[in-house]
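One structure is given here, and the rest of the page talks about it.
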Amino acid sequence: MNVKYCDALVIGGGLAGLRAAVAAGEKGLSTIVLSLIPVKRSHSAAAQGGMQASLGNSKMSEGDNEDVHFADTVKGSDWGCDQQVARMFCQTAPKAIRELAAWGVPWTRITKGERSAIINAQKTTIVEKPEVHGLIHSRDFGGTKKWRTCYTADATGHTMLFAVANEALKHNVDIHDRKEAIALIHENNRCYGAIVRDLVTGEITAYVSKGTLIATGGYGRVYKHTTNAVVCEGIGAAIALETGVAQLGNMEAVQFHPTPIVPSGILLTEGCRGDGGILRDVDGYRFMPDYEPEKKELASRDVVSRRIMEHIRNGKGVKSPYGEHVWLDISILGREHIEKNLRDVQEICQIFNGIDPADEGPKGWAPILPMQHYSMGGIKTKPTGESPTLAGLFSAGEAACWDMHGFNRLGGNSVSETVVAGMIVGDYFADYCASHEIEIKTENIQKFVNKELDYMNELVNKDGKFNIFEIKNRMKDIMWEHVAIFRTGEGLEKAVKELEELYKQSLDVKVTNKTLFGNPELEEAYRVPKMLKLALCIAYGALLRTESRGAHYREDYTKRDDLNWLNRTLTSWKEGDTMPTVAYESLDIMKMEIPPAFRGYGAKGNIIEHPDSAVRQAQVDEIRAKMEAEGKGRYEIQNTLMPYELQEKYKAPNERAGIGYE
């Protein structure tokens, strides 16, 4: 038996995992990061548009602070988030971005004086003050009141990932790439690491640790059309689910991005619309103001995606060999702006579609269609990032349901969450590892190793009936047909029934290649059943949730139902079952800083209200008015309305240009 011991084990080598590993390394812990691929190729590098942090530097950001960012995040989540976690996040984000600057991220900076910008399709002149010259710049993004998305042209994730990876190496973090965690080691409701398969040799190794953190990203590849990299199959969340102890949260909350390019599905950043790009239909008509007159193209992602599909349903889509689509027009921004700030977008359009988006007129328009993009659901954690049911198991980033996004996340909040959660959760994780010992016997570790070895041998030797590739492709089709942007009870029932049958079939497959290494067929044979479990959690959770909230949109239940559905979905999986077990965790309105209300998008009155919302709002208004009359500051008022726990170094006030530490 091969066993590797460490203090802290991080599964996943993207931004969240690496930043958490830095936190452990800083405290002198022996830290190992496992990654399917070289970490600087992680999917985090694909983030183009930017990272939200309320710096308030530029002219269009003036007046921004943690309170404004928090309100945008809560409304964006459609009141599905944990507001205490959202507060933790918003308070820490400015510190995270400045830390990254110190680590070498070349943030785009403000230049004093006049500059031109496109706002609402009109050329506008913005004047930047001399005192903010050289400070970190920000652009507009959907669902925000202020321009707070900080960026490095359109390569933000790339620059962030390289800086954080280098910092991890600086702190002696041991990175093991081409390794896949296929099961968690756990005993008496505590996690002690993972069983890991070497993707080159097929060797099985037990990585035993005091604490384990999963940061493997999302599960977009259960869908046919997705912007996610091929490694984003949700295996990290699946192995947590398979413990039978850890739970997943809000798995039905799946985001669809409005502007992936057709047909490749490569994402064209929200920065395109944030910088002033617009959407056009088959007639070249800008249609979003008709649906969302206030926010237009910069309504939240779930809203823009639905409006695009609705417009296509109304006969205004552009027909193509790959199906109908609409156009994204960024030519109005001008060639100079595109070649400076949207270079990656231009290159994607040129390489994959043979067009130059800087060309004026229709010849530069990019064909786009909403596709699966982000997973709000994931491993359910406490605000500290630890599973409430499986001690020693932490999670951060897209793999986690921390839960700051609720049922829809704002653009720029995910890449921000990776490093912010990496800081906060990583610090709690490091403290846990430093204060606990490994208490599992070697003979019990051997049982977990033997189980996986036996499973691999069983897969290659079984003379099963079904083809694993056909099962996987059918799963993707079902998810796209019935569990995508628009959902109905009838479609979801079909999906659940067929997915359950596919899961049963996946347990009886024939692997024609009998080798235990270098065998993609074997890898699909053990991954696809895990992916089907996640697909069932998504589809079944969506079937049971008879309301529309954020990205979860039921055409047969179009209202957000706060009276009956203001809760978090929790799914678990008992060994031997063919369906997940579903439970719910209520969100307490009377503890919220911002009680449920109109979100700011779409038609008003499309809510089944909870009576506690009005009661709590009256309380909030009374407390705020009284404390403001007494001359209390916003931090004191906020703490009275909703106290939250956070490490003191992160909870400290943030400095802003011309304001100081207000």
Side-chain angles (χ1 to χ4, degrees), residues 7-12 16-17 20-21 23-24 34 81-82 84-85 88 181-195 207-219 234-251 253 375-405 417-418 421-422 424-440 448 530 533-534 537 541 567-575 580-585 587 645:
D7 295 325
L9 178 67
V10 177
I11 303 171
L34 303 176
C81 72
D82 183 326
Q84 293 187 32
V85 170
M88 295 167 69
I182 57 175
L184 292 179
I185 302 168
H186 60 99
E187 183 177 74
N188 299 325
N189 294 345
R190 184 179 162 195
C191 184
Y192 292 101
I195 304 300
Y207 280 74
V208 182
S209 59
K210 297 174 181 177
T212 307
L213 186 144
I214 294 177
T216 50
Y219 42 82
I235 304 303
I239 62 175
L241 179 70
E242 288 181 334
T243 63
V245 183
Q247 297 174 312
L248 306 184
N250 286 349
M251 290 296 285
S375 312
M376 276 79 73
I379 300 167
K380 174 68 179 74
T381 75
K382 298 182 285 189
T384 60
E386 186 179 13
S387 166
T389 50
L390 185 57
L393 177 66
F394 290 73
S395 186
E398 193 175 354
C401 180
W402 190 23
D403 167 29
M404 62 160 283
H405 300 303
E417 183 201 18
T418 59
I424 297 171
V425 173
D427 196 60
Y428 284 124
F429 170 63
D431 286 344
Y432 179 94
C433 295
S435 60
H436 288 75
E437 297 299 329
I438 296 170
E439 297 172 352
I440 186 171
F448 283 92
K530 299 179 191 298
K533 288 179 179 178
L534 298 184
C537 289
N567 53 35
R568 187 172 293 113
T569 307
L570 301 176
T571 48
S572 56
W573 198 287
K574 296 175 184 175
E575 188 171 1
T581 300
V582 177
Y584 296 96
E585 176 183 70
L587 304 181
E645 295 295 324

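Small disclaimer: the values here were computed from a predicted structure and weren't measured.
Asn189 meets the side-chain hydrogen bond (donor to acceptor under 3.5 Å, both in side chains) test with no other residue; sequence neighbours excluded. Judged as a salt bridge (Lys or Arg N to Asp or Glu O under 4.0 Å), and not counting sequence neighbours, Glu187 has no contacts. With sequence neighbours left out, the side-chain contact (heavy atoms from CB on, under 4.5 Å) criterion links Leu587 to Leu566, Arg568, Met592. The side-chain contact (heavy atoms from CB on, under 4.5 Å) test applied to Ala430 returns Ala24, Lys27, Leu29, not counting sequence neighbours. Listed by chain and number, the residues in a side-chain hydrogen bond (donor to acceptor under 3.5 Å, both in side chains) with Lys380 amount to none (sequence neighbours excluded). Applying the side-chain hydrogen bond (donor to acceptor under 3.5 Å, both in side chains) criterion to Thr581, with sequence neighbours excluded, gives no partner residue.
Rounding to the nearest 0.5 angstrom, the gap separating the CE atom in Met376 from the CE atom in Met251 is 11.5 Å. Note that CE of Met404 and CD of Glu417 are 5.0 Å apart. Values are rounded to the nearest 0.5 Å. The distance from atom SG of Cys191 to atom CD1 of Ile214, rounded to the nearest 0.5 Å, is 7.0 Å. Taken to the nearest 0.5 Å, the OG1 atom of Thr384 stands 11.0 Å off from the CD atom of Glu645. Atoms CD1 and OG1, from Ile235 and Thr216 in turn, are 8.5 Å apart once rounded to the nearest 0.5 Å. Atom-to-atom distance recorded for Ser375:OG and Asn250:CG is 12.0 Å, nearest 0.5 angstrom.
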| said: Between Phe394 and Tyr428, is the ring-ring contact (aromatic ring centres under 6.0 Å, His included) condition met? List the steps. | reply: CA-CA 9 Å; Phe394 290 73; Tyr428 284 124; 8.2 Å; no
| task | Show your working on side chain to side chain contact (heavy atoms under 4.5 Å, CB included) between Val10 and Phe429 and close with a plain yes or no. | result | CA-CA 10 Å; Val10 177; Phe429 170 63; 4.0 Å; yes
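For Leu390 against Arg190, the heavy-atom pair with the smallest separation is CD1-N, 3.6 Å. Considering all non-hydrogen atoms of both residues, Gln247 and Ser572 come closest at CG-CB, 4.3 Å. When all heavy atoms of Gly249 and Leu570 are compared, the pair lying nearest together is CA-CD2, 4.4 Å. The heavy-atom pair separating Ala240 from Leu184 by the smallest distance is CA-CD1, 3.8 Å. Here the closest heavy-atom approach between residue Ala237 and residue Leu248 is recorded as O-CD2, 3.7 Å. Summarising the geometry of Pro388 relative to Lys382, their closest heavy-atom pair is CB-CG, 3.9 Å, with the distance given to 0.1 Å.
Thr212 is not listed as a side-chain neighbour of Ile185, based on a closest heavy-atom distance of 4.5 Å or more. In this structure, Leu9 and Leu34 have side chains that are in contact, with non-hydrogen atoms separated by less than 4.5 Å. Pro383 places a side-chain heavy atom less than 4.5 Å from the side chain of Met88. Proximity of Tyr207 to Ile11: side-chain heavy atoms (C-beta onward) are nowhere separated by under 4.5 Å. Contact of the Lys210 side chain with the Ile438 side chain is registered, since non-hydrogen atoms from C-beta on lie closer than 4.5 Å.
Put simply, the side chain of Glu386 gets close to the backbone of Gly392: a donor and an acceptor are under 3.5 Å apart.
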